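Everything on this sheet refers to the single structure shown next.
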Amino acid sequence: MKVNGILSTIFIILLLMACDHPAVPENAQKEDRLPRISPDYTEVTIPCNICPLNFAVQEDVSDVVAKLTYPGGTLTYGKHQVVQIDEMEWKDILKASMGSSIQVEVYGKTAQGWKVFKPFNIYVAEDSIDNYISYRVIQPSYVAYEQLSINQRDLTSFDETEIYNNMSVSSEGNGQCINCHSYQNFQTGNMLFHMRQGFGGTMMAVNGQLRKVDLKTDSTISAGVYPAWHPTQSLIAFSTNKTGQSFHTKDVNKIEVQDTYSDLILYDAEKNEVSIISNKLEELETFPTWSPDGKKLYYCSAHFEYHQTDSVLPETEMIQRYKEVKYDLWQADFNPSTKKFSNFEKIYNASDSLNQSVTLPRVSPDGKYILFAQAEFGCFHVWHIDADIYMMDLKTKKVQKLDAVNSPRSESYPTWSSNGRWIMVDSRRDDGNYTRPYIAYFDRNGKVHKPFEVPQKDPNFYTFFLRSFNRPEFMKEPVTISVQEFARKAKEDAIPAKFVTR
Amino acid sequence: MRIPLKYIYLIVFITVAYLMLPVMNGDYLYTIQDNCIFINGHTFMMDIVTHKGGWIMWASCYLTQFFYHPWLGSTILILLWTVIYGATILMLGIKDKWSPLALIIPCILLYHLLDYGYWIYYAKIPGLPFQPTLLVLICILFTWGVQLLTRPLKVRWDTKRGIACGLLLLLLAISHWLWPTSAWHYNYRFCHSIKTTLFDKNFKHELRMYRALDEFRFDDVLGEMPKDGEDSPTNLMVLYKNIALMHTGQIDKMFETGNCGIKPQPNDSLQIRTSQLGGPLVYYMFGQMNYSNRWAIENSVKYGLSFRNLKMMARTALFNQEFEAAAKYLAMLKNSIFHRRWALEHEAWMLNSTNFYQSVEYQKLSPLLNDDENTLNGDNGLCEKFLLEHFSDLIHANSPLLEDVIMCMSLWAKDYYAFCIHFYNYVTNHPDAPIPALYQEGAILLGNAEESPITLNGFQFDIPIREKYKQFVQDYYQLRQQGIDEQEMGRRLKPLFGSTYWWYYYFYNDFDIY
């Protein structure tokens, strides 16, 4: 009885602590500006099923209180310099605020007393977002790599799990690099990622069955690199690339990743066959992506003619002329029954008319728009500070820069949510070095709203986390294959793909 | 009153441990701490503790930071060893005369800590001084706990002691399952490097020179360089020494102060690279901010984040005016115990640019930032080679310091083609200024070479230097006619010509860049 009493008291205390809502300070002095908060959630639009937007107040204050006013009432949060919102209460707040907004008023305690900053709004869209995203967690190194993982994150909570971790098979002297995870139609039954060096090969789940394939053939320049699953068939378009990297002594971009050669191939997962999509000698084709109906393939290509002197290797010439490499946007028709491509056509001439380079195209789920990253030159825009996100209306071919999602730092790897209402980009706006996923609302009128950084439970997480989130992808469901299952398959020999001519 | 032997043995052990740790190897312990990191806060903790053995690793990292003051870290470590000693005696009921047996584990732990040598730059064991100690301590305390819990059982004491001993040995044997892995590779082993740690003078010089250079104490760097005729320095020591000369306006003295480095070869299993030992600092000191930043990050990725590399990342971000990145790194450093002050000092640079421009670091490094426009290339992991080639190939030196640097680097690299061009530009740019003796020595030697792009015959060189060169040539050919091999010739000519460029040019042919 006595023990029960003690336990009950402890439970009540814990419950009270969990629901601790600070009082709104009285007689606070008004500050006529928005508070500096991190992440910056001021005036952002969020989906109705996102997890709490916890933030830190970056003002010279010792304590904070955030008053959240929403259609259902008012709640307060805050302790020291951080605002962490109870997950259950946040769900109620979102439910009540759908199609409306939450007004946030931040109070900060200074030596002179409390002050209150200008309130800001968080707009809650009626549109939801895919429950999951996945990304590669990697230190933004140059050549070295060590621990890499592909993780999946539940956007409705703070739960994050590993899909695959290279340390499960890597050993000293036999390290493994992993990259380019990709899914068919936002679902995870058909998915893939590459493993390089130790236990190398392309790891695929085809209809939930794992296989490890070697996509390098005698007739292609490399194994598959940038992938794109066909939306309805077991086909994957890949680029094949001979990639190198070199380093700037002064430039703020620090590094150039360049393809000396690149082509496009098609992999038939049912027949384990590789065929050529495009391998023109003076074109560097890369970054394939399908239209939602699977009848068109979009990709990028740079026209580049080597001078072909005996004394200069192509790799060296590519380094010397790195600013001349500019990619345009192309499309090709695809016949799913014959698996043949035709009518290769340049649809956006960025290189000649704008002196720009287009990379990483992604078509919206309704097939009306195509997003891409654009910068002055090159193919690896994550390292280009001038890289921004643009969008083309595929009917009018009109291109617009998405000012709302861009920043003075690099933006790259744009992607759409499955309902086409959310755009996710990889941005280095926080500090210039570490890519973070930002999500922007794309409303029914085609307007793009201010993006928000994917929330973390610890508001200071992004400051103290020295790894990048690369290649963020939306998923409707989590990957259910375990790390151990992937690791077991990784240790097996890769099945060589057959090359066929179409 | 008779003092029990176990206390005497303990006092002897503590004394020896103190002598071996902070007294004799304080720089070694400081460097271990500098190559480790601990940041207060949830993110750092979660990044570590989610891995196998993560809590031990986290606790070890926490304790390792106290080696910032080697005596403080050593005191904590010796205290833990004392607990291990005492617990072993109590648990196993070791008699007084056999109490030295309980010192076996602390002695192994002491040996293990001193066994790293150059491995301190490569071992992927965050908090390496404390990890084995904490693990052993957990095993002992667990065994002791089991023994105490089973006390009421009616079993003979000797049997209980035997079981405890067996359990402890078993736990120690299987403890590698508890050992931290994943995040940073488990790489525990005896490195067979205790000789390096205890007796390799160059290893110790390098540790001290790095710290002095990092703190811009150039005179201390020069003071660490062995005097001529003493031990041969390593290439890295030569590099550190020349950096100190460069920043004290004496770079033309590089061949007078010993420029013939050797490659350390502590053991066969370790491939030593300047890039890991001091690459980021060396690049920083030459004003190569991107390369410094690159190697600070690469080394952090490969061998684990460290205070040393995080500070370098913050510094290069400040010089590159990447203030958001600098703020991030400084915010992390501000959440440490002993590097907080450094972070606050450097944060002040960011908040007030006047502080930055008036800082010693900016004053010293800014003349090197004015070099040619951006180039795209790579160093293939060979920091020294890159610097020699980069500065030798630099045509337009935009500051007096840079003029001297490119001259000296081309001499150092024996790049007569580049030197001749630099020399011609130098004397053209300074028609009335005296030419430093080193440059004259270089010009006399290289100006007449067949491959030289410019004939330097027309320049007026100082008579004593010309005469000395004549003497050198004469002695050289004389010895050669006598059939004396190169090595012996070098030895015989060293007293008279050892400080000249000519001697370096002819007799230093084992430039093993690593």
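Proteins come first, then strands; the chains are lettered A, B, ... in the order of their sequence lines, and each starts at number 1. The structure displayed is predicted, hence computed values, not measured ones.
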Cut-off 4.5 Å, heavy atoms of chain A, and the answer for B:Tyr283 is neither
* Step through the shown structure and confirm whether more than 12 heavy atoms of other residues, nucleotides or ligands are within 6.0 Å of NZ on A:Lys450. => yes
Here the pair of heavy atoms bringing A:His248 nearest to B:Asn290 is O-ND2, 3.1 Å
Listed by number, the residues in residues 316-326 of chain B that come under 4.5 Å of chain A (heavy atom to heavy atom) are B:Asn320, B:Glu322, B:Glu324, B:Ala325
In terms of heavy-atom contacts, B:Asp47 and A:Arg467 come closest through OD2-NH2, 2.8 Å
Cut-off 4.5 Å, heavy atoms of chain A, and the answer for B:Met313 is side chain
* Should A:Phe247 and B:Tyr291 be marked as a side-chain contact (heavy atoms from CB on, under 4.5 Å) after you check the CA-CA gap, both sets of side-chain angles, and the distance that decides it? -> CA-CA 8 Å; A:Phe247 311 97; B:Tyr291 271 76; 3.6 Å; yes
Main chain of A:Tyr462, side chain of B:Lys328: is a donor-acceptor contact present, judged purely on distance under 3.5 Å?
yes
Indicate yes or no: at least one non-hydrogen side-chain atom of A:Leu466 is less than 4.5 angstrom from one of B:Met332. yes
Residues B:Lys302 and A:Ala144: closest non-hydrogen pair is CD-CB, 4.1 Å
Against chain B, residues from residues 317-326 of chain A with at least one heavy atom under 4.5 Å, in numeric order, are A:Ile319, A:Tyr322
In short, A:Tyr145 meets B:Val301 closest at the heavy-atom pair CA-CG1, 3.6 Å
Chain A shares the most heavy-atom pairs under 4.5 Å, among B:Ile297, B:Asn377, B:Leu310, with B:Asn377
Could you go through A:Glu146 and B:Lys124, starting from their C-alpha distance and side-chain angles, then the distance that decides it, and tell me whether this counts as side-chain contact (heavy atoms from CB on, under 4.5 Å)?
CA-CA 11 Å; A:Glu146 190 78 359; B:Lys124 298 170 182 178; 3.0 Å; yes
task: Would you check, one step at a time, whether the test side-chain contact (heavy atoms from CB on, under 4.5 Å) holds for B:Met46 with A:Lys457?
output: CA-CA 12 Å; B:Met46 293 313 292; A:Lys457 191 164 195 167; over 6 Å; no
When the 4.5 angstrom heavy-atom criterion is applied to B:Asn299 and chain A, the contacting part is neither
Residues A:Ser246 and B:Leu376: closest non-hydrogen pair is OG-CG, 3.4 Å
Okay, A:Asp430 and chain B: the region with an atom under 4.5 Å from a heavy atom over there is backbone
Smallest heavy-atom separation, B:Thr43 atom then A:Phe461 atom, equals OG1-CA, 3.6 Å
Just by modelled atom types, is the B:Thr375 backbone N or O under 3.5 Å from a matching donor or acceptor in the A:Thr249 side chain? yes
Practice task
State whether the side chain of A:Asp251 and the backbone N or O of B:Asn374 hold a donor-acceptor pair below 3.5 Å, judged by distance alone.
Solution key: no
